[in-house]
Asks: 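Would you mind keeping the following structure in view while I ask a few things?
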Amino acid sequence: MSIKKLLVALSAVLLAGMSTQIMAAIVPYVNQVSGNEYAYFNGTSTTNYDLSTVIYNGSNSAQITTGTPWWSNASVANLFAVGVGGNLGYPNTDSTTPFFQYNSNSYSVWLGGSNSADLTNSYPLSSGTTYAVATVHSSGAPEIDGSLAPKVAFLLGCLFLMFGRKKQNTEPMMTA
């Protein structure tokens with residue numbers, strides 16, 4: 001098998017794998033990294049959060065509301081509720097997970113087992129109720145976001161430039 005055929009086959013495999021990865025990466029998600037650290041991918045970048053719970057006491061509403069990535073976004077509250085599941089326990093009096101409050105009168109809570117969250121709850125902040133809160137995780141090295149397409153295209157271009165040229169005789173023929 002010639003080197004050109006091998007390079008074409010390799011590039012086809014790389015591009016097929018890359019397109020699958022790119023298509024999968026477009027969908028937002030929440031995944032547990034370790035302990036109470038969760039990665040939230042919003043479709044373009046990833047931010048890690050440390051999740052914990054607080055009991056509403058009337059003076060900590062900013063921590064529960066505007067201090068969370070899901071505030072004012074029901075679908076993000078749902079992603080976190082499903083992604084966290086029962087990992088923060090079932091601290092509320094009705095044996096539910098902490099509430100992921102996404103507006104002044106609504107929250108998302110994990111239903112368990114069905115791998116879904118309930119977004120239809122209409123419930124204002126209430127004293128004695130446990131809510132999920134998030135802080136941006138501070139760690140060592142930053143994550144590198146971005147598509148692999150430009151990097152792979154550059155690499156393939158270099159390979160084709162190196163191996164795609166016809167061999168030329170650099171020494172002129174000597175004639176007598």
Asks: Working to the nearest 0.5 angstrom, can you tell me the gap between Trp71 CH2 and Thr65 OG1?
Replies: 5.0 Å

Asks: Keeping the roles fixed (side chain from Asn57, backbone from Asn60), state whether a donor-acceptor pair exists under 3.5 Å.
Replies: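 Looks like yes, one N/O pair under 3.5 Å.
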
Asks: Between Pro98 and Pro91, is there a side-chain heavy-atom distance shorter than 4.5 Å?
Replies: yes

Asks: Distance-only, no hydrogens or angles: does the Glu37 side chain make a donor-acceptor pair with backbone N or O of Asn48 under 3.5 Å?
Replies: no

Asks: Check for a donor-acceptor pair, side chain of Asn103 on one end and backbone N or O of Ser72 on the other, with a separation under 3.5 Å.
Replies: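 Not at all, since once roles are kept as given, no pair shorter than 3.5 Å links the two residues.
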
Asks: Do any N or O atoms from the side chain of Asn92 and from the backbone of Thr97 form a donor-acceptor pair under 3.5 angstrom?
Replies: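 Yes: the side chain of Asn92 pairs with the backbone of Thr97.
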
Asks: Is a side-chain N or O of Gln32 found less than 3.5 angstrom from the main chain of Ser34, in a donor-acceptor match?
Replies: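 No, because the side chain of Gln32 does not come within donor-acceptor range (under 3.5 Å) of the backbone of Ser34.
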
Asks: I'd like to know whether Val54 forms a side chain to side chain contact (heavy atoms under 4.5 Å, CB included) with Thr130, so could you lay out the CA-CA distance, the side-chain angles of the two residues, the decisive distance to 0.1 Å, and finally the verdict.
Replies: CA-CA 6 Å; Val54 296; Thr130 303; over 6 Å; no

Asks: So, using side chain to side chain donor-acceptor pair (under 3.5 Å) as the criterion, who are the partners of Asp50 when residues are at least two apart?
Replies: His137

Asks: Mind checking the CG-OH spacing from Asn42 to Tyr29? Nearest 0.5 Å is all I need.
Replies: 10.0 Å

Asks: Which value, rounded to the nearest 0.5 Å, describes the distance between Ser106 atom OG and Phe99 atom CZ?
Replies: 11.5 Å

Asks: Once you round to the nearest 0.5 Å, how far does OG of Ser127 lie from OH of Tyr56?
Replies: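 Between atom OG of Ser127 and atom OH of Tyr56 there are 6.0 Å.
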
Asks: Measure the spacing between OG1 of Thr68 and OH of Tyr131 and express it to the nearest 0.5 Å.
Replies: 12.0 Å

Asks: With a 4.5 Å cut-off on side-chain heavy atoms, are Thr53 and Val133 touching?
Replies: no

Asks: To which residues is Tyr40 joined in a hydrophobic cluster, defined by side-chain heavy-atom contacts under 4.5 Å among Ile, Leu, Val, Met, Phe, Trp and Tyr, whether direct or through other members?
Replies: Val30, Tyr38, Tyr49, Leu51, Trp70, Val76, Leu79, Phe80, Val84, Leu88, Phe100, Val136

Asks: How far does CD1 of Ile55 sit from OG of Ser126, to the nearest 0.5 angstrom?
Replies: 11.5 Å

Asks: Taking all atoms of both residues into account, what is the closest heavy-atom pair of Ala81 and Ser108, and its distance?
Replies: CB-OG, 3.5 Å

